[in-house]
Amino acid sequence: MLEKLRNLRRSEPQTTGDPFVDALRAALGPDQVRYDGAHRSLLSHDASVFDGGNSGPVCYPTSTADVQTIVRLANDHGRNVVPRGAGTGLAGGAIPLGLPVVVAVTRMDRILEVDPVNRVAWVEPGVVNLDLTRHLTPMGFHFAPDPSSQQVCTIAGNVANNSGGPHCLAYGVTNAHVVALEVVLPSGDVAMLGGLEPEPQGLDLRGAFVGSEGTLGVITKVAVRITRNRPAVRTLLLSFGSVRDAANTVSDVIAAGIVPAAMEVMDQPITRAVENYVGAGYPLDAAAVLLAEVDGLAAGVDIDADRIGEIGRANNATDVRLAGSETERALLWKGRKTAFGAIAQIAPDYYLHDTVVPRSALADVLTEIYAIADRHDVLVMNVFHAGDGNLHPLLIFDGREEGMMERVHAAGAEIITASLDAGGVLSGEHGIGVEKQQFMERMFTDDDLDHQNRLRQAFDPGCRTNPGKVIPSGHSCADIQALRSIPREVWV
Amino acid sequence: MTATLATSDPVLLDFAEEVGDTGPVAVEGGRTRWSLGGSPAEGTRLVRAPTGLVDYAPDEMTVTVRAGTTVAELHAALAEKGQRTALTDRGGTVGGALAVGENDLRALGRGLVRNSLLQIRYVSAEGRIISSGGPTVKNVSGFDLPRLMVGSLGTLGLLAEAIIRTNPIPPVSQWLAAGDADPFAAYDRLLAPSAVLWDGASTWIQLEGHGQDVADQQRLLDDIGHFTEVPASEVGEGPDPCPVALPDHRWSLAPGELASLERGELGRFVAVIGLGLVFADRPQPVRPLSPEVAEVSGRLKQNFDPTGRLNPGRDPGRK
């Protein structure tokens, strides 16, 4: 595949007819600007179900100066900029709209410095999440956010989406683990946001940037908080005769004042699929399983593990099992983290949703989700970060079936509505991207969206960085303008 | 009816009306940090934010509270259910604590204020109620205005109501003191101390957690210094409760800078190891913002408050 792409590049003409592409090629190294159809097609997608992306030139910077050059040239030529990490996003946040230059940061992948005194690591944006943790582990540290895509997703992508993961229950999402960001602003200037001190001077631009889905600039360096590895870990697997009992256990654990490192629930269909896929030792007869983990100091984790077991039994747990070894623990987690790979055995297509509800509403909303799926005759499986109330209903289908996509989207919309009605929010960790733009008006008023747009425009007055995302177009006029301003001749 | 963040709370709507859409206006809370970043300009109309606990859900670990409520009142209500927040109690209000954004010196155990805010409602320069964030503990729906509001000194909007994350109060809390310990070695040895304080000679450490864990952690310090337990009666009350008297001025430094603190520059000091807060006799010089950060910050102020009517005279860049 790579060889094919290389050959394609070699066969490209020296000039493209697009002065912007020619200028990028003149300014960057020859292998840093790709304009061949295969490459642009590849980078027009991310891991979401959304088509409709249209990439212009794809650039692979290797330094902050490269990024600055790209952004300045884009400004000179009136073109938009879309930053991109590994492209694992599920809400379409990295889909290029309107032939922008795609700035793929994957070659900026060096861990620059681990600073144990300040408890931070300075990394380039393209460092892969799990690579960082593997690098830190022998030093007694790890990077706490652990999205299920952590084997491939980048730190910059984590920052852009304010990513979560199972272990964010106790440690918090990415925003709590980013202390400073070097970014190339849409103006082309380089800025350092935040700092190593606990209360940096001025407005918290760092906090505003995290989770902005690539709309406020391009990240070129990150200082992430590194977290001490816990000396004691206990992992429990609880089995239940109903999803409701599992959900109530989660709610009761939090109510008892216990903050586990993680609490994950899988219903029977997904548990069976996972067990078939990895053989992790999950029970096939349980209606739901709860994977709960507590970590910290030895005495506390034993106390908390015992209490979680008791709370589970009080909620009719049919089995409470403590992982007896690190191997067993690792296998249980492997099952959980490969859940989405496991469903490929069942149907060719899936649509993974992401909403959050109050923990006390988990059981009722899950009941409603099963009813919605029934009504639309779509198969649904549930595997989710129960401790945070973060639901991930997984709609499974064969997209070739007549009328199926309409049913899938209708069911998805009802799931979002049910979550909002229960006092929840649109997204817990996947973001808004293009997926949930049309739902933003259900959660926010016109005034609220206007203020979000004011923040956006303070960083990016021309709305040229990742336009057409997050804020619905009716509230973000400059976005529409930016998308319309693409020169006609580059539509090739 | 689908869920929406729009508020129909008459108390908040009255507050918005009081703030109005013209003339300079500032919120008066407990005045505990009144001149931080500059006092309100002369002629500024003072208003008070609404008060009261709106909703407390201990089993969600969240609390909805109006901005004029005192931190003391909030924490008293939470303590009844064995919970607390990251806010520090200086005798002021919740809105003030968020607008100022200062952390508790025990932030290693309680978390940073900026990470604890889930949802805000504030009154805009146009006198409108704006909501951002969400009521759940995890949320990435839209741009993150709550983060921006923490430490903004009310210059972008006047806080009316907040949803804040709560945390369980650990079963045991113990302060230790030693006159002969290396505080940096102690900090490295312990898994998660709630505070490590150092005045250049003596070290004070707060350990929290289950009783056995606290005892085990204390034993880990045996070869670092002769630590003795500080009786609860010797831990000061009021703001920043700890076993040592704190100088008046706060410094915010990278934790790595604490090993080379100079008395000549700070006077007497008490440093919070691992966090980077320092209490000192002398004030920290203003750290100028970079031109790039100043430019974006200036545009934020312009976009949120085009006429400069919110807290005129205050500048979060000069805290």
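The shown structure was predicted, so the numbers you read here are calculated from the model rather than taken from an experiment. Protein chains get the first letters and strands the later ones, always in sequence-line order, with residue 1 at the start of each.
Counting heavy-atom pairs closer than 4.5 Å to chain A, the top residue among D144(B), N115(B), I169(B), L191(B) is L191(B). In terms of heavy-atom pairs under 4.5 angstrom with chain B, the leader among G257(A), C168(A), P198(A), P231(A) is P198(A). Counting heavy-atom pairs under 4.5 Å between each of K81(B), R318(B), K301(B), Q217(B) and chain A puts Q217(B) at the top. Between chain A and the options G82(B), P168(B), G211(B), the largest number of non-hydrogen pairs under 4.5 Å is found for P168(B). Of the listed residues (D252(A), L205(A), V357(A)), the one with the most heavy-atom contacts under 4.5 Å to chain B is L205(A). Highest contact tally toward chain B, considering only M440(A), R119(A), E213(A), is held by R119(A) [criterion: heavy-atom pairs under 4.5 Å]. Options I258(A), I303(A), V117(A), D189(A) differ in how many heavy-atom pairs under 4.5 Å they form with chain B, and the most are formed by I303(A). Ranked by heavy-atom pairs under 4.5 Å with chain A, the list G101(B), G209(B), G142(B), G157(B) is led by G142(B). Between chain B and the options A191(A), G428(A), G207(A), heavy-atom pairs under 4.5 Å are most frequent for G428(A). Contact tally against chain A (heavy-atom pairs below 4.5 Å) for A259(B), G37(B), P255(B), A215(B): the top residue is P255(B). Contact count versus chain A (heavy atoms, under 4.5 Å) is highest, among H210(B), R128(B), K138(B), for K138(B).
Going from atom CG of N303(B) over to atom CG of L455(A) covers 9.0 Å, rounded to the nearest 0.5 Å.
The side-chain hydrogen bond (donor to acceptor under 3.5 Å, both in side chains) contacts involving residues 103-112 of chain B comprise E199(A)-N103(B), D104(B)-R106(B), where partners must be two or more places apart or lie in separate chains.
Surrounding CZ of R228(A) are more than 12 heavy atoms belonging to other residues, nucleotides or ligands, all under 6.0 Å away.
Listed here is the closest heavy atom pair of V137(B) and R359(A): CG1-NH2, 3.6 Å. Of all non-hydrogen atoms in A255(A) and D59(B), the two that sit nearest each other are CB-CB, 3.4 Å. The two atoms that bring A208(A) and L148(B) nearest to each other are CB-CD1, 4.0 Å, heavy atoms only. Listed here is the closest heavy atom pair of L203(A) and S152(B): CD2-CB, 3.6 Å.
For a heavy-atom cut-off of 4.5 Å, chain A lies close to V286(B), R287(B), L289(B), E292(B), V293(B), E295(B), V296(B), S297(B), R299(B), L300(B) in residues 284-300 of chain B.
With a 4.5 Å cut-off on side-chain heavy atoms, F143(B) and I471(A) count as touching. Between V259(A) and M61(B), the closest side-chain pair of non-hydrogen atoms falls below 4.5 Å. Inter-residue side-chain proximity for I130(B) and D448(A) is flagged as met; some heavy-atom pair is nearer than 4.5 Å. Within the 4.5 Å cutoff, the side chain of P135(B) has heavy atoms near those of the V425(A) side chain. At least one side-chain heavy atom of R114(B) sits less than 4.5 Å from a side-chain heavy atom of R206(A). Looking at V173(A) and N139(B), their side chains never come closer than 4.5 Å, going by heavy atoms from C-beta outward.
D204(A) and R147(B) are not joined by a salt bridge, as no carboxylate oxygen comes within less than 4.0 angstrom of a charged side-chain nitrogen.
Close placement of the H451(A) and Y122(B) rings is indicated, their centers lying within 6.0 Å of each other.
Side chain of D213(B) to backbone of G300(A): a donor-acceptor contact under 3.5 angstrom is found. With hydrogens and angles ignored, the 3.5 Å screen pairs no side-chain donor or acceptor of N162(A) with any backbone N or O of V140(B). Under the 3.5 Å distance criterion, the side-chain polar atoms of S141(B) are matched with a main-chain donor or acceptor of S427(A).
Contacts of D315(B) with chain A are absent, with no heavy-atom separation under 4.5 Å from either backbone or side chain. Interface remark: Y187(B) contributes backbone and side-chain atoms alike to the contact with chain A (heavy atom separation under 4.5 Å). Heavy atoms of L153(B) lying under 4.5 Å from chain A are absent altogether.
Not counting sequence neighbours, the partners of R454(A) by the salt bridge (Lys or Arg N to Asp or Glu O under 4.0 Å) test are D450(A), E126(B). Residues satisfying the salt bridge (Lys or Arg N to Asp or Glu O under 4.0 Å) test with D354(A), not counting sequence neighbours, are none.
Side-chain atoms of S360(A) and E60(B) form a donor-acceptor pair, as typed in the model, at a separation below 3.5 Å.
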